[in-house]
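Structure, as structure tokens:
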Amino acid sequence: MPGDAPAAPAAGATADRAPDTVRLTVGQAVVRFLAAQYTERDGVRRRLFTGCFGIFGHGNVAGLGQALLQAEIDTPGLLPYHQGRNEQAMVHLAAGYARQQDRLQTFAVTASIGPGSTNMLTGAALATINRLPVLLLAGDVFATRVASPVLQELEQPYAGDLSVNDAFRPLSRFFDRVWRPEQLPSALLGAMRVLTDPAETGAVTLALPQDVQAQAWDWPAELFADRVWRIGRPPPEPAVVARAAEIIRSARRPFVVAGGGVIYGGADGALRRFVEATGIPVGETQAGKGSLPYDHPCNAGAVGATGNPAANALAREADVVLGIGTRYSDFTTASRTAFAAPGVRFVTVNVARLDAVKHAGLPVQADAREALDALTEALAGHRTDDAYRERVAALSRAWDETVVAAHRSGHGARTGTLAQAEVLGAVEAAMGPRDVVVCAAGSLPSDLHALWRTRDRKGYHVEYGYSCMGYEIPGGIGVRMAAPDRDVFVTMGDGSYLMMATELVTAVQEGIKIIVVLLQNHGYASIGALSESVGAQRFGTRYRYRDPATGRLDGALLPVDLAANAESLGVHVVRARTLAELTEALAAAKAADHAVLVHVDTDPFEPSPSGDGWWDVPVAEVSTLDSTARAYREYRDGKRAQRPYL
Ligand SMILES: Cc1ncc(C[n+]2csc(CCOP(=O)(O)OP(=O)(O)O)c2C)c(N)n1
Ligand SMILES: [Mg+2]
């Protein structure tokens with residue numbers, strides 16, 4: 001029964017109040033509580049919440065807004081407030097931050113009721129799919145319903161207890177709505193339990209009705225005591241390790257798939273020891289790129305639909321695949337065509353049972369580092385044969401030569417417009433060994449996955465669980481906030497820029513240095529190429545005027561000037577036209593102490609070299625178009641290679 005909480009004693013009326021209580025509003029209690037939460041892993045303690053991002057409206061201005069103000073004035077540093085431009089972007093920023101911090105620290109995000117909150121839905125999905133902890137504090141309608149329907153309230157004729165925030169339920173790993181102050185402690189503790197569990201983590205949403213946020217209550221003082229959430233390292237069962245070692249020993253061509261769990265779990269050192277002892281080659285997923293330096297003799301690089309030919313050849317031939325910290329997305333398995341050997345078997349190390357049991361392999365449900373150390377010990381003396389190791393080295397060498405040739409193709413000098421791979425070569429060359437490249441959607445993630453030569457475990461940050469256009473700038477700001485000692489190079493397309501450039505203002509406001517490399521190719525080049533491959537003729541993928549003669553969007557290029565747009569937001573902008581200008585601009589950006597955007601035109605039709613990974617995108621089975629009919633026949637052939645892995 002919302003809203004009929006007994007009136008708490010007034011401040012100062014101590015006679016009937018237990019001495020160990022603190023009188024605060026729900027909003028003030030949330031801020032105090034969040035500031036006292038810590039994570040601890042491997043003996044290192046960190047604050048779980050570095051601060052709170054927020055945009056205020058009537059759903060949170062008087063509750064959490066007042067509480068954050070009071071904290072800023074009374075106890076500076078308790079839970080620092082940051083302003084964002086768009087709620088979705090604030091969640092992306094928190095997710096980028098959490099990823100760079102190996103999920104040990106994050107931000108809370110507060111939004112008003114209605115559209116402010118629902119703007120966070122896309123961010124929630126991104127965080128949950130990428131298994132990144134973010135805390136969403138969504139303003140909600142009056143618990144008392146005294147003024148219903150309030151501005152922006154959803155009135156559903158069939159349910160009185162529903163609000164727009166119920167849309168967060170399927171996207172959150174934990175959801176609670178605090179109808180009464182008494183419910184707050186259990187909601188907060190439930191939220192922390194999920195945020196700090198590597199197997200469970202993702203978006204956590206607490207819906208806070210606007211009247212309840214402002215309501216005062218006498219809280220037990222112990223609610224605000226420092227709380228340390230230990231992030232453990234569950235060890236594998238010895239019998240399972242023995243069985244896994246037996247399977248790996250029986251393999252002639254074993255292959256490791258290293259996923260994000262290797263990096264989040266700080267298992268890169270353990271992986272290196274494991275592969276150096278056994279000689280087993282490694283393919284990296286998008287989230288797992290950086291598990292080994294690119295030039296490590298056991299690192300074959302990117303595997304899967306966007307993988308390189310070296311890793312994909314090894315995957316194709318592998319008789320045992322040891323997956324570590326991967327969720328085996330369709331990009332990693334090339335839509336279940338990557339591991340093609342008859343009878344291929346899987347051993348899967350993952351802290352989450354959901355992932356450990358995939359592909360009907362042997363599940364090793366454990367922390368990645370613990371499992372790798374145990375496997376190294378159990379496999380002592382075992383090593384792949386010389387011929388296999390030489391093949392890995394030869395394949396990797398050949399791919400590296402291809403990458404270097406793509407960087408130096410001379411396409412820009414010949415045609416007047418740079419190829420994307422030339423731009424990536426220049427960016428890579430401008431970066432320090434610890435600097436971070438950030439990306440999320442378009443044609444860049446596949447090029448980065450295949451071509452990028454990662455030198456540091458935290459040097460590669462491509463969001464490819466949700467591949468969300470618009471993540472790039474806020475995600476990059478989050479990375480930089482987590483790692484102010486690293487330069488952050490955000491690479492993005494014009495489509496992503498137009499989707500969400502707003503947080504450039506946040507970078508300017510907070511003096512956060514990111515380097516945005518904006519590749520202008522006048523449309524959705526990636527989807528254009530995909531469209532062509534499914535026989536859809538690049539329909540709807542170019543930024544063109546509607547041609548009055550044809551009535552279609554195939555007229556002249558639109559006169560957009562994204563460099564001017566970025567300038568108008570207060571960012572320092574450099575326009576680069578040639579490889580030499582680009583190199584110069586990137587060097588200047590690296591030396592600068594403020595945010596810089598480098599604008600460069602690229603050729604949408606010049607593909608980068610890539611592997612032979614397949615991706616299942618169904619093609620129209622019947623059509624009046626020859627292009628589609630042709631594509632369907634090819635699709636049917638591709639489909640034959642798909643396997644259930646059961
Ligand atoms: C929010 C969102 N909408 C749509 C998509 C589907 N999509 C993936 S890439 C892409 C085009 C990206 O264009 P741009 O950023 O210019 O990169 P380019 O493909 O030109 O390299 C689209 C529409 C997406 N990933 N995210
Ligand atoms: Mg584009």
Side-chain angles (χ1 to χ4, degrees), residues 86-89 91-93 95-96 118-130 171 286 305-306 329-331 406 411 417-424 427 437-452 462-476 489-504 516-534 536 538-544 553 557-563 565-566 597-610 615 617:
N86 174 299
E87 293 84 356
Q88 180 190 137
V91 185
H92 291 338
L93 196 152
T118 54
N119 262 357
M120 298 196 293
L121 286 167
T122 297
L126 182 146
T128 292
I129 287 169
N130 284 286
L171 304 178
Q286 283 277 15
T306 52
S329 80
D330 65 343
F331 266 82
H411 183 82
T417 312
L418 290 168
Q420 189 156 289
E422 293 178 283
V423 174
L424 291 183
V427 176
V437 68
V438 175
C439 194
S443 55
L444 280 161
S446 29
D447 284 5
L448 287 166
H449 192 213
L451 306 180
W452 196 256
V462 175
E463 185 283 297
Y464 218 60
Y466 210 40
S467 185
C468 185
M469 289 169 75
Y471 172 85
E472 297 87 344
I473 291 172
F489 287 72
V490 174
T491 59
M492 68 192 301
D494 52 315
S496 270
Y497 182 91
L498 284 169
M499 190 80 72
M500 196 181 287
T502 49
E503 299 319 298
L504 284 176
V516 179
V517 184
L518 172 55
L519 287 82
Q520 170 61 280
N521 59 16
H522 301 280
Y524 305 148
S526 53
I527 306 300
L530 178 64
S531 169
E532 207 164 291
S533 77
V534 299
R538 296 188 177 249
F539 179 67
T541 64
R542 285 172 296 198
Y543 287 171
R544 303 264 173 175
L553 297 176
L557 285 181
L558 299 179
V560 291
D561 183 347
L562 300 184
N565 179 278
L597 182 139
V598 178
H599 180 280
V600 58
D601 276 301
T602 53
D603 183 347
F605 298 107
E606 182 60 13
S608 302
S610 65
W615 187 32
V617 178

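Just so you know, ligand 1 is whichever comes first in the structure, and atom 1 is the first atom listed for that ligand. Quick caveat, the model's predicted, so the values are computed rather than measured.
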Q.
Among Val600, Thr417, Val560, Asp561, which residue satisfies the side-chain contact (heavy atoms from CB on, under 4.5 Å) criterion with Gln520?
A.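 Among Val600, Thr417, Val560, Asp561, the one meeting side-chain contact (heavy atoms from CB on, under 4.5 Å) with Gln520 is Val560.
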
Q: Would you mind telling me which of Leu444, Asp601, Leu418 makes a side-chain contact (heavy atoms from CB on, under 4.5 Å) with Leu519?
A: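 So, applying the side-chain contact (heavy atoms from CB on, under 4.5 Å) to Leu519 and each of Leu444, Asp601, Leu418, only Leu444 qualifies.
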
Q | Check: Asp447/Ser608 side-chain N/O donor and acceptor closer than 3.5 Å | A |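 Result is yes, a qualifying pair exists.
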
Anything under 3.5 Å between an N or O on ligand 1 and a protein N or O? List each pair with its distance, or write none.
| from | atom 1 | to | atom 2 | distance (Å) |
| --- | --- | --- | --- | --- |
| ligand 1 | 15 (O) | Gly495 | N | 3.3 |
| ligand 1 | 15 (O) | Ser496 | N | 2.9 |
| ligand 1 | 16 (O) | Asp494 | N | 3.3 |
| ligand 1 | 16 (O) | Asp494 | OD1 | 2.8 |
| ligand 1 | 16 (O) | Gly495 | N | 2.7 |
| ligand 1 | 16 (O) | Gly523 | O | 2.9 |
| ligand 1 | 19 (O) | Ser443 | N | 3.4 |
| ligand 1 | 19 (O) | Ala525 | N | 3.2 |
| ligand 1 | 19 (O) | Ser526 | N | 2.8 |
| ligand 1 | 19 (O) | Ser526 | OG | 2.7 |
| ligand 1 | 20 (O) | Asn521 | OD1 | 3.0 |
| ligand 1 | 20 (O) | Asn521 | ND2 | 3.0 |
| ligand 1 | 20 (O) | Gly523 | O | 2.9 |
| ligand 1 | 20 (O) | Ala525 | N | 2.9 |
| ligand 1 | 21 (O) | Ser443 | N | 3.0 |
| ligand 1 | 21 (O) | Ser443 | OG | 2.5 |
| ligand 1 | 25 (N) | Ser467 | O | 2.8 |
| ligand 1 | 26 (N) | Met469 | N | 3.3 |

Q. In terms of ring plane angle, is the pair His92 and Tyr471 parallel, tilted or perpendicular, where the classes change at 30° and 60°?
A.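 Rings of His92 and Tyr471: perpendicular, as their planes differ by over 60°.
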
Q. Within a radius of less than 6.0 Å around CZ of Phe539, do more than 12 heavy atoms belonging to other residues, nucleotides or ligands occur?
A.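 For Phe539, atom CZ is not crowded (no more than 12 foreign heavy atoms under 6.0 Å).
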
Q: Take the Mg ion (ligand 2) and tell me which protein N, O or S atoms are nearer than 2.8 Å.
A: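 Checking every protein N, O and S atom gives Asp494 OD1, Asn521 OD1, Gly523 O.
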
Q: Measure the spacing between CG of Leu171 and OG1 of Thr128 and express it to the nearest 0.5 Å.
A: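 Output value for this atom pair is 6.5 Å.
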
Q: Look at the side chain of Ser533 and the backbone N and O of Leu530, then say whether any donor-acceptor pair between them is shorter than 3.5 Å.
A: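 Yes, the answer is positive, given that a donor and an acceptor are paired below the 3.5 Å cut-off.
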
Q | Minimum-distance pair of heavy atoms, taken over all atoms of Ala89 and Met500 | A |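 Minimum heavy-atom contact is CB-SD, 3.3 Å.
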
Q: Return the minimal non-hydrogen interatomic distance between Thr491 and Glu472, and the atom names on each side.
A: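 Minimum heavy-atom contact is O-CG, 4.0 Å.
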
